[in-house]
Amino acid sequence: MAQSSKFWDKIAQGYAQQPIADEASYQKKLQVTRDYFRPDMEVLEIGCGTGSTALLHAPYVKHIRAIDFSAQMIAIAQEKAANQNITNVTFERSSIDELKIPPQTLDMVLGLSILHLLEDKEATIAQVYESLKPGGLFVTSTACLGDGIPWFKLIAPIGRRSGFFLLVKVFTFQNLIQSLSDSGFTLDYQWQPAKNKAIFMVGKKPD
């Protein structure tokens with residue numbers, strides 16, 4: 001984790017200035033998510049980066065707690081919030097492993113472009129499930145590299161040991177669906193903008 005944190009700290013300023021790679025898909029994901037929002041919702045975003053998505057969602061919910069393990073990413077997010085006078089988003093530096101959430105206290109968790117960067121996505125999904133109220137939602141957008149470039153699974157560990165790659169997990173869409181199902185989620189929404197693109201899903205904890 002320390003290696004990854006240093007990497008994201010180093011590129012934070014450049015990352016914040018990059019345009020959205022697929023603006024149309026991003027806007028659709030924002031709108032689908034907002035269709036689930038209620039004004040009284042307590043939301044958590046894991047791996048929030050420089051905070052753009054959390055700040056765009058802020059007007060539609062009661063409060064968003066947004067975390068990232070990069071201190072530089074969080075500093076940029078906090079500056080954005082201050083400049084936009086947004087007060088119902090709390091940004092904090094934390095890894096998912098360090099996060100402490102009382103059971104059944106959240107209405108929604110956002111995990112966007114993060115599950116394939118975790119050592120143990122199953123543990124995180126289970127943690128998210130436990131934190132959600134009955135009927136709570138887990139919104140994800142995940143690169144399922146096992147479907148598009150399965151050979152990457154062979155070289156990723158070598159690249160990581162040699163320092164060329166960060167941690168990237170290679171799994172298929174079916175594997176991700178199984179992980180969500182094993183934790184108790186049912187699939188409420190699924191969309192993929194094009195072949196080999198990240199898959200956007202909404203999992204629901206039963207009422």
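- Side-chain atoms of Leu132 and Lys204, non-hydrogen and from C-beta on, never get closer than 4.5 Å to each other.
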Less than 3.5 Å apart, which donor and acceptor atoms pair up between the side chains of residues 99-111 and the rest of the protein, not counting sequence neighbours?
| from | atom 1 | to | atom 2 | distance (Å) |
| --- | --- | --- | --- | --- |
| Thr105 | OG1 | Pro102 | O | 2.8 |
| Asp107 | OD1 | Arg38 | NH2 | 3.4 |
| Asp107 | OD1 | Lys133 | NZ | 3.3 |
| Asp107 | OD2 | Glu42 | N | 2.7 |

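- For the pair Ile125/Phe138, a side-chain contact is recorded, criterion being any heavy-atom separation below 4.5 Å from C-beta on.
- Linking ILVMFWY side-chain heavy atoms closer than 4.5 Å, directly or via other members, places Leu115 and Leu44 in a single hydrophobic cluster.
- Closest of all the heavy-atom pairs between Ala12 and Gln72 is CB-CB, 3.7 Å.
- A search for side-chain hydrogen bond (donor to acceptor under 3.5 Å, both in side chains) contacts involving Ser70 returns Asp9, not counting sequence neighbours.
- No single ILVMFWY cluster, assembled from side-chain heavy atoms under 4.5 Å apart, contains both Leu180 and Leu112.
- Not counting sequence neighbours, Lys121 has no partner by the salt bridge (charged side-chain N to carboxylate O under 4.0 Å, His left out) test.
- Every residue two or more places apart in sequence or in another chain that forms a side-chain hydrogen bond (donor to acceptor under 3.5 Å, both in side chains) with Lys80 is listed here: Thr50, Ser52.
- With hydrogens and angles disregarded, a donor-acceptor distance shorter than 3.5 Å links the side chain of Ser131 to the backbone of Val128.
- Evaluation of the ring pair (Phe, Tyr, Trp, His ring centres under 6.0 Å) rule for Tyr129 yields Phe185 as partners, not counting sequence neighbours.
- One finds the OG1 atom of Thr142 at 11.0 Å from the CD atom of Gln192 (value rounded to the nearest 0.5 Å).
- Within the model, atoms OH of Tyr26 and CD1 of Ile20 stand 5.0 Å from one another, a figure rounded to the nearest 0.5 Å.
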Practice item. Start with the C-alpha gap between Thr172 and Cys144, add the side-chain angles, then the distance that decides, and say whether side chain to side chain contact (heavy atoms under 4.5 Å, CB included) holds. Key: CA-CA 5 Å; Thr172 66; Cys144 296; 5.6 Å; no

Review point. Taking it one step at a time, do Ile177 and Met201 satisfy side chain to side chain contact (heavy atoms under 4.5 Å, CB included)?
Key: CA-CA 9 Å; Ile177 289 289; Met201 296 186 294; 3.5 Å; yes

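- Other members of the cluster containing Ile76 do not exist, because no ILVMFWY side chain is joined to it at under 4.5 Å.
- In this structure the side chain of Ser25 reaches within 4.5 angstrom of the side chain of Trp191, judged on heavy atoms.
- Within the structure, salt bridge (Lys or Arg N to Asp or Glu O under 4.0 Å) contacts touching residues 63-75 (residues at least two apart or in different chains) are Arg65-Glu92.
- Using a 4.5 Å cut-off on side-chain heavy atoms (C-beta onward), Phe69 and Asp97 make no contact.
- With sequence neighbours excluded, the residues satisfying side chain to side chain contact (heavy atoms under 4.5 Å, CB included) with Ala54 are Glu45, Ile64, Ala66, Val89, Phe91.
- Listed by chain and number, the residues in a side-chain hydrogen bond (donor to acceptor under 3.5 Å, both in side chains) with Asn88 amount to none (sequence neighbours excluded).
- Minimum heavy-atom separation, Ile74 to Cys48: CD1-SG, 3.8 Å.
- For Gln27, the side chain to side chain contact (heavy atoms under 4.5 Å, CB included) partners at least two apart in sequence or on another chain are Glu23, Leu30.
- Each of Leu118 and Phe200 belongs to its own hydrophobic cluster when Ile, Leu, Val, Met, Phe, Trp and Tyr are linked at side-chain heavy-atom distances under 4.5 angstrom.
- In terms of modelled atom types and a separation under 3.5 Å, the side chain of Thr33 and the main chain of Lys29 share a donor-acceptor contact.
- To the nearest 0.5 Å, atoms CG (Asp188) and NZ (Lys205) are separated by 15.5 Å.
- Linking Ile, Leu, Val, Met, Phe, Trp and Tyr residues whenever their side-chain heavy atoms come within less than 4.5 Å places Leu137 and Val32 in a single cluster.
- Contacts of Asp35 classified as side-chain hydrogen bond (donor to acceptor under 3.5 Å, both in side chains), with partners at least two apart in sequence or in another chain: Gln31.
- Within 6.0 Å of the CD atom in Gln84, the count of heavy atoms belonging to other residues, nucleotides or ligands exceeds 12.
- Side-chain atoms of Ile96 and Ile114, non-hydrogen and from C-beta on, do get closer than 4.5 Å to each other.
- Closest non-hydrogen pair, Tyr60 versus Leu56, comes out as CE1-O, 3.6 Å.
- When side chains are defined from C-beta on, Glu98 counts as touching Arg93, because their heavy atoms get closer than 4.5 Å.
- Here the side chains of Leu55 and Ile86 are in contact, with some heavy-atom distance below 4.5 Å.
- Tracing side-chain contacts under 4.5 Å through hydrophobic residues (I, L, V, M, F, W, Y), one reaches Leu117 starting from Leu145; they form part of the same cluster.
- Ser179 approaches Glu122 most closely through the heavy-atom pair OG-OE2, 2.8 Å.
- Side-chain contact between Val139 and Tyr189 is absent, with no heavy-atom pair separated by less than 4.5 Å.
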Practice item. Would you check, one step at a time, whether the test side chain to side chain contact (heavy atoms under 4.5 Å, CB included) holds for Lys195 with Asp147? Key: CA-CA 9 Å; Lys195 185 179 180 180; Asp147 293 318; over 6 Å; no

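- Within the structure, the ring pair (Phe, Tyr, Trp, His ring centres under 6.0 Å) test picks out the following pairs touching residues 27-51 (sequence neighbours left out): Phe37-His57.
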